[in-house]
Colleague: 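First, the structure itself, so that you have it in front of you.
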Amino acid sequence: MQIIGQPNQLTALLGIQYPIIQAGMIWASGWKLASAVSNAGGLGIIGAGSMYPDVLREHIRQCKAATLNPFAVNIPLLYPDLDQLIQIIIEEKVPIVFTSAGNPKTYTGLFKSHGIKVVHVVSSSKFALKAQEAGCDAVVAEGFEAGGHNGREETTTLVLIPAVRKKITIPLIAAGGIATGQQMYAAIALGADGVQVGSRFVCTPEASSHIHFKEAVVAAGEGDTQLSLKKLVPVRLLKNEFFQQVADAEKRGADEAELSHLLGRARAKKGMFEGDLKEGELEIGQVAALIHEIKPAADIVAEMIADYNACADRMPKL
Ligand code: NDP
Ligand code: NDP
């Protein structure tokens with residue numbers, strides 16, 4: 001299972017050196033993070049979910065200027081001005097798009113007709129098959145450990161990856177709870193062709209997240225994140241005052257309207273971009289418990305590869 005020098009179907013598809021994909025994350029992954037990961041041999045992704053269309057165009061242009069390697073844009077399909085984002089992606093000739101939170105049948109054909117590769121994010125083997133049937137080039141299967149938007153069924157990465165692997169033949173990227181080379185080795189053993197890593201890349205100088213948020217992630221331990229807002233859109237959050245307000249409301253039996261009112265607007269920006277650790281929404285994965293320092297994205301990629309290779313050396317000796 002040695003990686004270096006051995007392209008697999010995923011790295012060949014995306015034109016990258018290592019099968020490490022940096023997740024598209026709202027308020028964290030702009031062009032600085034995406035280009036740093038792409039320059040380090042992985043695939044960097046600009047997270048468009050929190051960007052107005054002109055902001056996205058600017059980030060794509062900056063990314064192109066900062067790296068000659070492939071990069072991608074992630075668009076949540078429930079974005080309000082989706083058609084504008086899609087137009088920009090086509091005009092700017094972005095090579096790869098990651099779609100999430102929506103039906104892959106709607107736009108995959110359009111992207112592919114413009115020569116753009118499409119990867120769809122799913123949380124079940126049923127949706128993975130749907131993505132393959134829609135013509136997607138690859139699938140990200142994201143388990144319950146993941147930060148931010150999460151599947152309703154709470155399937156963990158350890159169960160999800162083998163289940164999806166049985167259903168699809170296109171390349172499979174494992175996500176949710178992966179931040180180290182050891183975890184990457186395990187995901188590949190389960191049947192994945194590569195991994196998508198989110199939380200680990202939040203704690204980099206290149207991520208646009210507020211420093212208070214990065215420091216809170218470094219300080220987080222086991223049990224400090226939990227799935228929340230299941231009645232609205234299930235989302236894994238770092239526990240803080242806002243999380244507690246939601247938990248109390250849910251305990252009282254608050255309905256969707258009350259939870260929606262409590263959430264209000266732009267909570268995610270307040271927490272992750274403006275650094276309000278009390279009142280903001282802080283989206284991060286369980287794996288925050290294993291993140292102990294802020295360091296450059298390139299160092300994270302290099303460390304993951306070194307740890308993966310150490311695992312590959314050790315396993316046959318066991
Ligand atoms: P700036 O444009 O000065 O950006 C502040 C920091 O965030 C800089 O490091 C900047 O990088 C980086 N950054 C800017 N846009 C994004 C982005 N979309 N995603 C990730 N990182 C980003 O801040 P302003 O407050 O002047 O913001 C200008 C506009 O951009 C506003 O509409 C704001 O809401 C929006 N914005 C959106 C973000 C998002 O993630 N959706 C994040 C930041 C701003 P650099 O200086 O290299 O451009
Ligand atoms: P809200 O409705 O609470 O707020 C909208 C936020 O998005 C504001 O901060 C706003 O910036 C920014 N924004 C960027 N572009 C637009 C636009 N065209 N119209 C309106 N607002 C825009 O949404 P959330 O913050 O909860 O979520 C924003 C997006 O991120 C959604 O598309 C959502 O699906 C996605 N998301 C993805 C997650 C993931 O895990 N992939 C997790 C959570 C959300 P400003 O304040 O500067 O106006």
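All values derive from a computational prediction rather than experimental measurement.
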Colleague: Check whether any side-chain N or O of Gln196 sits under 3.5 Å from a backbone N or O of Ile173 as a donor-acceptor pair, and report yes or no.
Modeller: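 A pair under 3.5 Å: no.
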Colleague: In chain order, what residues pass the salt bridge (charged side-chain N to carboxylate O under 4.0 Å, His left out) check against Arg265, with sequence neighbours excluded?
Modeller: none
Colleague: Taking salt bridge (charged side-chain N to carboxylate O under 4.0 Å, His left out) as the definition, give me every residue that meets it alongside Asp276, ordered by chain and number, with sequence neighbours left out.
Modeller: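 Applying salt bridge (charged side-chain N to carboxylate O under 4.0 Å, His left out) to Asp276 gives none.
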Colleague: Give me the atom names and distance for the closest heavy-atom approach of Phe98 to Ala72.
Modeller: CD1-CB, 3.9 Å
Colleague: Do Asp137 and Lys112 touch side chain to side chain, with heavy atoms closer than 4.5 Å?
Modeller: yes
Colleague: Taking it one step at a time, do Glu258 and Arg252 satisfy side chain to side chain contact (heavy atoms under 4.5 Å, CB included)?
Modeller: CA-CA 11 Å; Glu258 190 185 337; Arg252 282 198 318 272; 2.5 Å; yes
Colleague: Rounded to the nearest 0.5 Å, what separates atom CD in Glu281 from atom CG in Leu237?
Modeller: 5.0 Å
Colleague: For side chain to side chain contact (heavy atoms under 4.5 Å, CB included), just list the numbers for Ser124 and Thr155, CA-CA rounded to whole Å, side-chain angles, deciding distance to a tenth of an Å, and then say yes or no.
Modeller: CA-CA 8 Å; Ser124 70; Thr155 310; 5.9 Å; no
Colleague: Apply salt bridge (Lys or Arg N to Asp or Glu O under 4.0 Å) to residues Lys230 and Glu250 and explain how you reach the verdict.
Modeller: CA-CA 9 Å; Lys230 207 171 170 183; Glu250 285 175 337; over 6 Å; no
Colleague: For the residue pair Glu241 and Gln245, confirm or rule out a side-chain donor-acceptor distance under 3.5 Å.
Modeller: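 Note: Glu241 and Gln245 side chains miss the donor-acceptor criterion.
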Colleague: Checking Lys117 side chain against Pro95 main chain: does a donor-acceptor pair fall under 3.5 Å?
Modeller: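 Absent.
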Colleague: Nearest 0.5 Å, what's the CZ-OG1 distance between Arg200 and Thr180?
Modeller: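 One gets 10.5 Å once the value is rounded to the nearest 0.5 Å.
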Colleague: Please round to the nearest 0.5 Å and tell me the distance separating atom CD1 of Ile188 and atom CD of Gln183.
Modeller: 12.5 Å
Colleague: Within the 3.5 Å criterion, strictly below it, is a donor on Gln244 or Asp248 matched to an acceptor on the partner's side chain?
Modeller: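 There is such a pair between these side chains.
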Colleague: Could you tell me whether a side-chain N or O of Thr99 sits under 3.5 Å from a main-chain N or O of Ile75, the two making a donor and an acceptor?
Modeller: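 Looks like no, no N/O pair under 3.5 Å.
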Colleague: List the atom of Tyr18, the atom of Thr11, and the distance in Å for their closest heavy-atom pair.
Modeller: C-CG2, 3.8 Å
Colleague: Starting from Ile305, can I reach Ile16 by hopping between I/L/V/M/F/W/Y residues whose side chains sit under 4.5 Å apart?
Modeller: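 The answer is no; the residues belong to distinct hydrophobic clusters.
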Colleague: Are any non-hydrogen side-chain atoms of Leu238 and Asn240 less than 4.5 angstrom apart?
Modeller: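 No, every pair of side-chain atoms sits at 4.5 Å or beyond.
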Colleague: Can you sort out the partners of Glu133 under side chain to side chain contact (heavy atoms under 4.5 Å, CB included), two or more places apart, ordered by chain and number?
Modeller: Leu129
Colleague: Going by ring pair (Phe, Tyr, Trp, His ring centres under 6.0 Å), name the pairs with one or both residues in residues 199-245, residues two or more places apart or in two chains.
Modeller: His210-His212
Colleague: State the CD1-CG distance between Ile88 and Asp54, to the nearest 0.5 angstrom.
Modeller: 7.5 Å
Colleague: The criterion is salt bridge (charged side-chain N to carboxylate O under 4.0 Å, His left out); which residues satisfy it with Arg61, sequence neighbours excluded?
Modeller: Glu92
Colleague: Closer than 3.5 angstrom, by distance alone: can the side chain of Arg152 be matched with the main-chain N or O of Ser123 as a donor-acceptor pair?
Modeller: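 Looks like no, no N/O pair under 3.5 Å.
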Colleague: Taking all atoms of both residues into account, what is the closest heavy-atom pair of Met25 and Ser29, and its distance?
Modeller: N-OG, 2.7 Å
Colleague: Distance check, rounded to the nearest 0.5 Å: Ile90 atom CD1 versus Phe111 atom CZ?
Modeller: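 Here the interatomic distance stands at 6.0 Å.
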Colleague: Applying salt bridge (charged side-chain N to carboxylate O under 4.0 Å, His left out), name anything that partners Lys126, two or more places apart in sequence or on another chain.
Modeller: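 In terms of salt bridge (charged side-chain N to carboxylate O under 4.0 Å, His left out), with neighbours along the sequence ignored, Lys126 is linked to no residue.
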Colleague: Should Glu58 and Trp31 be marked as a side chain to side chain contact (heavy atoms under 4.5 Å, CB included) after you check the CA-CA gap, both sets of side-chain angles, and the distance that decides it?
Modeller: CA-CA 9 Å; Glu58 182 58 23; Trp31 68 270; over 6 Å; no
Colleague: State which residues pass side-chain hydrogen bond (donor to acceptor under 3.5 Å, both in side chains) with Thr169; sequence neighbours excluded, sorted by chain then number.
Modeller: Gln132
Colleague: Would you mind listing every side chain to side chain donor-acceptor pair (under 3.5 Å) that reaches into residues 158-168, with sequence neighbours excluded?
Modeller: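 Every pair satisfying side chain to side chain donor-acceptor pair (under 3.5 Å) with a residue in residues 158-168: Arg165-Asp193.
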Colleague: Side chains of Ile46 and Met51: does their closest heavy-atom pair fall under 4.5 Å?
Modeller: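 Yes, their side chains come closer than 4.5 Å.
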Colleague: Please give me the minimum heavy-atom distance between Thr204 and Lys214, naming the atom from each residue.
Modeller: O-NZ, 2.8 Å
Colleague: Judged by atom type as modelled, is there a donor-acceptor pair below 3.5 Å linking the side chain of Thr157 to the main-chain atoms of Ala175?
Modeller: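 At least one qualifying donor-acceptor pair exists.
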Colleague: Do Val55 and Leu85 sit in the same hydrophobic cluster, where Ile, Leu, Val, Met, Phe, Trp and Tyr count as joined when their side-chain heavy atoms come under 4.5 Å apart?
Modeller: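 In one cluster: yes.
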Colleague: Should Leu82 and Leu77 be marked as a side chain to side chain contact (heavy atoms under 4.5 Å, CB included) after you check the CA-CA gap, both sets of side-chain angles, and the distance that decides it?
Modeller: CA-CA 7 Å; Leu82 190 59; Leu77 295 173; 4.1 Å; yes
Colleague: Report whether Leu172 and Val118 are members of the same hydrophobic cluster (ILVMFWY, side-chain heavy atoms less than 4.5 Å apart, transitive linking).
Modeller: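 No, it is not one cluster - the side chains of Leu172 and Val118 are not joined through contacts under 4.5 Å.
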Colleague: Looking at Ala128 and Val139, what are the two nearest heavy atoms and their distance?
Modeller: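 For Ala128 and Val139, the tightest heavy-atom pair comes out as O-CG2, 4.0 Å.
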Colleague: Between Arg267, Lys270, Lys269, which is the residue that forms a salt bridge (Lys or Arg N to Asp or Glu O under 4.0 Å) with Glu279?
Modeller: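 In the set Arg267, Lys270, Lys269, the residue that makes a salt bridge (Lys or Arg N to Asp or Glu O under 4.0 Å) with Glu279 is Arg267.
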Colleague: For the residue pair Ile21 and Leu14, establish whether any side-chain heavy-atom pair is separated by less than 4.5 Å.
Modeller: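 A side-chain contact under 4.5 Å exists here.
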Colleague: Return all side-chain donor-acceptor pairs below 3.5 angstrom for residues 101-110, not counting sequence neighbours, or 'none' if the list is empty.
Modeller:
from: Asn103; atom 1: OD1; to: Lys105; atom 2: N; distance (Å): 2.8
from: Thr106; atom 1: OG1; to: Asn103; atom 2: O; distance (Å): 3.1
from: Thr108; atom 1: OG1; to: Pro104; atom 2: O; distance (Å): 2.5

Colleague: Using side-chain heavy atoms (C-beta onward) and a distance below 4.5 Å, is His120 in contact with Lys130?
Modeller: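 They are not in side-chain contact.
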Colleague: Kindly work out whether a path of hydrophobic side-chain contacts (I/L/V/M/F/W/Y, heavy atoms less than 4.5 Å apart) joins Tyr79 to Ile60.
Modeller: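 Yes; tracing contacts between hydrophobic side chains, which count when under 4.5 Å, links both residues.
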Colleague: Please report the closest heavy-atom contact between Ala179 and Val197, naming both atoms and the distance.
Modeller: CA-CG1, 4.3 Å
Colleague: Distance-only criterion, 3.5 Å: show the donor-acceptor pairs between side-chain atoms of residues 37-45 and protein atoms not counting sequence neighbours.
Modeller:
from: Ser38; atom 1: OG; to: Ala34; atom 2: O; distance (Å): 3.4
from: Ser38; atom 1: OG; to: Gly44; atom 2: N; distance (Å): 3.0
from: Ser38; atom 1: OG; to: Pro70; atom 2: O; distance (Å): 2.8
from: Asn39; atom 1: OD1; to: Thr67; atom 2: OG1; distance (Å): 2.7
from: Asn39; atom 1: ND2; to: Ser35; atom 2: O; distance (Å): 3.2
from: Asn39; atom 1: ND2; to: Ala66; atom 2: O; distance (Å): 3.0

Colleague: Heavy atoms, side chains only, cut-off 4.5 Å: are Leu277 and Leu282 in contact?
Modeller: yes
Colleague: Pair up each side-chain donor or acceptor in residues 283-301 with any protein partner under 3.5 Å, not counting sequence neighbours, and list the distances.
Modeller:
from: Glu293; atom 1: OE2; to: Lys295; atom 2: NZ; distance (Å): 3.3
from: Lys295; atom 1: NZ; to: Glu303; atom 2: OE1; distance (Å): 2.6
from: Lys295; atom 1: NZ; to: Glu303; atom 2: OE2; distance (Å): 3.4

Colleague: Thr156: which residues meet the side chain to side chain contact (heavy atoms under 4.5 Å, CB included) condition with it, sequence neighbours left out?
Modeller: Phe144, Glu145, Leu158, Val159
Colleague: I'd like to know if Ile86 and Val73 are part of one continuous hydrophobic network [Ile/Leu/Val/Met/Phe/Trp/Tyr, side-chain heavy atoms within less than 4.5 Å].
Modeller: yes
